[in-house]
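Side-chain atoms are counted along with the backbone in the values below, which use heavy atoms only and exclude waters and symmetry mates. Naming: A, B, ... by sequence-line order, numbering from 1 per chain.
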Amino acid sequence: MRDVALVAAGMTNFDYRINKRAEELVSEALLDALESTKGLVLDDIDTLVTSYFIDARQVAEEWIIQDYLGHRPKAAFRVENGGGSGASALYAACSLIKSGLSETVLLAGWEKMSLYRSRMANELIARGLDIDFDFDVGAIYTACYGMMAVRHMYLYGEREEDFARIAVKNRNNALKNPKGQWKKRITVDDVLESRLIAYPLKVLDCSLISDGAAVLILSSRERAKEITDDPVFVEGLGIATDTMRLGDRVEIENFPACRSASRKAYRMAGVENPVSEIDCAEIYDSFDTVELQSYEDLGFTDKGKGVQFIEEAEIGGRLPVNMSGGLEGMGHPIGASPVAEVAEIFWQLRGESCNQVDGAARGLVHSHGGVGTAVFVGIFGR
Amino acid sequence: MGFLLEYSDDWGMIAPFFQGLREKRLYGTRCPACERVYCPPRAHCPSQECRLAETEWIELEPRGVLESYTLLGLSTQEHLDDLPLILGLIRVDGCSTSLMMRLEVDFDDLVCGARVEVKFREGACRMRDIYAVLV
Ligand SMILES: CC(C)(COP(=O)(O)OP(=O)(O)OC[C@H]1O[C@@H](n2cnc3c(N)ncnc32)[C@H](O)[C@@H]1OP(=O)(O)O)[C@@H](O)C(=O)NCCC(=O)NCCS
Ligand SMILES: [Zn+2]
């Protein structure tokens with residue numbers, strides 16, 4: 001099978017972007033990506049793969065996007081997999097190129113959440129829980145993640161302060177990201193004093209409600225040479241799944257699907273020891289607790305030892321995590337977020353990140369949908 | 001901002017579970033092949049080796065173990081008036097899965113592994129109409 005190259009990445013500022021429609025945001029991100037190429041034009045793209053999550057005001061929004069970009073009569077389709085849609089769309093884009101079905105693919109992810117504001121956005125996201133069971137008792141996603149964290153705290157003794165350190169790390173990383181949404185330096189006390197959403201998660205332990213778009217352009221290794229002198233290669237990919245309802249699992253304190261997905265990706269990429277062989281990572285911190293649990297499930301440290309890894313995840317640590325600010329700092333326009341995580345790793349490996357890890361040559365992207373119901377891990381290298 | 005979706009119930013083959021709530025009885029389903037008991041109920045067993053075997057209804061004792069819990073400061077529209085709301089995952093005795101439900105308890109008394117009993121409100125027909133208390 002053919003090697004897949006990332007040849008360009010682009011994104012909009014993440015924020016409440018009330019003055020732009022989704023298709024205008026996607027255009028902004030696409031123009032950002034095209035700028036860095038050797039004159040790639042829309043005509044050169046044969047397939048468009050799209051990702052967004054909330055089907056409420058507009059459904060089949062991908063049709064507006066393909067139409068607006070003038071992508072006709074070429075192949076285009078949406079990939080939906082909850083919060084992991086953008087990552088699954090990448091998985092699909094890679095398989096198109098590997099198989100030879102496509103030569104150059106545009107992957108576009110976006111979300112406009114300011115349309116609903118945070119309370120209604122939470123309601124719409126919560127509809128991704130089982131409507132007759134967990135949704136019916138009043139759960140939102142934060143409740144499910146809160147229960148996972150409570151169980152982890154019960155077994156391994158973390159305190160709320162421990163999770164807060166991750167929120168502080170990520171939000172303060174975002175201050176260096178001009179495209180990030182979070183603009184204020186915070187402390188552990190700020191996190192602890194913020195309003196309760198679902199114990200132990202408070203407002204500042206949670207990802208942001210955002211508008212934004214992110215794109216990636218992918219091609220075969222051969223084609224990549226014509227588009228850029230500095231491609232990044234997809235070395236490993238893994239998707240693994242778990243039950244939809246948290247209660248249907250045996251293990252609720254961690255993400256078994258993350259362990260499976262990462263081992264698949266590591267095997268494909270030939271990674272044996274992630275901490276020594278990977279230089280930087282973007283982890284899907286929809287809640288800071290997920291980042292801690294994922295240190296363990298990704299094999300960065302042993303189960304129950306996540307707290308001890310937090311300092312290693314700082315810039316300057318052994319394996320920096322969420323240099324972009326993550327979903328808590330950069331922002332979380334759901335359909336765009338995984339695409340933006342990959343974009344950050346793309347820029348890291350090219351030495352172009354706003355929060356650069358010295359000499360980064362191999363990076364990891366983790367993202368997921370549901371309560372870890374569909375987990376994606378990707379390994380990227382130079 | 002208002003957002004109203006109207007639809008009919010979609011109980012399908014697990015209707016006996018919801019009908020049971022009205023009679024203050026808790027039902028689960030058991031796979032005849034692997035003998036796992038599911039609550040929330042499933043009409044077919046998801047264990048790959050059971051090849052979607054159709055399950056059988058069994059009545060469960062409304063008691064179990066609290067696997068985890070949380071205290072909500074935000075919920076969906078229909079439940080905002082009930083905040084702060086405590087939710088828990090309850091593994092009903094004998095089951096291999098847990099049911100998410102409301103807890104009517106003092107939050108500070110909660111600990112993973114606590115024994116709980118499931119209670120039914122008058123005329124219960126949905127998950128929101130049952131709750132658990134510490135025993
Ligand atoms: C945590 C979070 C709710 C904070 O949102 P915020 O806008 O910064 O916080 P606010 O204090 O403004 O409150 C949020 C909403 O709750 C409402 N609210 C606040 N206190 C409330 C209360 N006691 N009861 C009911 N509603 C309340 C507010 O009115 C606001 O609703 P609105 O925006 O629709 O008017 C939000 O950032 C969030 O939901 N993050 C997680 C997003 C998510 O789950 N993404 C997907 C993960 S996979
Ligand atoms: Zn079975």
Any side-chain heavy-atom pair of B/Leu74 and A/Thr142 under 4.5 Å: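 Sidechains of A/Thr142 and B/Leu74: no contact.
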Beyond-backbone contact of B/Thr70 with A/Tyr145, side-chain heavy atoms, under 4.5 angstrom: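 They are not in side-chain contact.
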Check against side-chain contact (heavy atoms from CB on, under 4.5 Å), B/Met127 and A/Asp132: CA-CA 7 Å; B/Met127 277 306 297; A/Asp132 294 307; over 6 Å; no
Test side-chain contact (heavy atoms from CB on, under 4.5 Å) applied to A/Met120 and B/Gln77, step by step: CA-CA 8 Å; A/Met120 188 53 62; B/Gln77 213 166 195; 3.9 Å; yes
Judged by atom type as modelled, is there a donor-acceptor pair below 3.5 Å linking the side chain of [X] to the main-chain atoms of [Y]?
X	Y	value
B/Arg102	A/Val137	yes
B/Ser68	A/Met148	no
B/His79	A/Ala139	no

Interface moiety of [X] toward chain A, non-hydrogen atoms closer than 4.5 Å:
X	value
B/Phe18	side chain
B/Leu99	side chain
B/Leu85	side chain
B/Tyr131	neither
B/Ile14	side chain

Candidate pair B/Thr76 and A/Asn122, rule side-chain contact (heavy atoms from CB on, under 4.5 Å), full reasoning: CA-CA 7 Å; B/Thr76 47; A/Asn122 265 282; over 6 Å; no
Which of B/Asp10, B/Asp9, B/Asp129, B/Thr97 touches chain A most, by non-hydrogen pairs under 4.5 Å: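 Heavy-atom pair counts peak at B/Thr97.
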Largest heavy-atom contact set with chain B, pairs under 4.5 Å, which of A/Met153, A/Arg245, A/Glu253: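 Option with the top pair count is A/Arg245.
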Residue, of A/Ile131, A/Leu196, A/Leu246, that accumulates the most heavy atom pairs under 4.5 Å with chain B: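 The residue among A/Ile131, A/Leu196, A/Leu246 with the greatest pair count is A/Leu196.
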B/Glu59 atom CD, over 12 foreign heavy atoms within 6.0 Å: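 Count over threshold, so yes.
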CD (B/Gln48) with more than 12 external heavy atoms under 6.0 Å: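 No, because the 6.0 Å sphere around CD of B/Gln48 holds 12 heavy atoms or fewer from other groups.
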Nearest-0.5 Å distance, SG of residue B/Cys112 to NE2 of residue A/His152: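 The SG atom of B/Cys112 sits 12.0 Å away from the NE2 atom of A/His152.
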Reported CE-to-CG distance for the pair B/Met100 and A/Leu129, which is rounded to 0.5 angstrom: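 Answer for the CE-CG pair, B/Met100 versus A/Leu129, is 7.0 Å.
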Close aromatic pair by centroid cut-off 6.0 Å: B/Tyr69 and A/Tyr199: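 That pair fails the under 6.0 Å test.
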Near-ring test B/Phe17/A/Phe133, centroid separation under 6.0 angstrom: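 Close enough - the centres of the two rings lie under 6.0 Å apart.
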B/Arg42 bridged to A/Asp248 by N-O distance under 4.0 Å: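 Salt bridge: yes.
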Proximity of residues 22-33 of chain B to chain A, residues having a non-hydrogen atom under 4.5 angstrom: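 Against chain A, none of the residues of residues 22-33 of chain B fall inside the cut-off of heavy atoms under 4.5 Å.
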Stepwise side-chain contact (heavy atoms from CB on, under 4.5 Å) check, A/Arg151 with B/Glu67: CA-CA 7 Å; A/Arg151 184 81 192 176; B/Glu67 298 284 316; 4.0 Å; yes
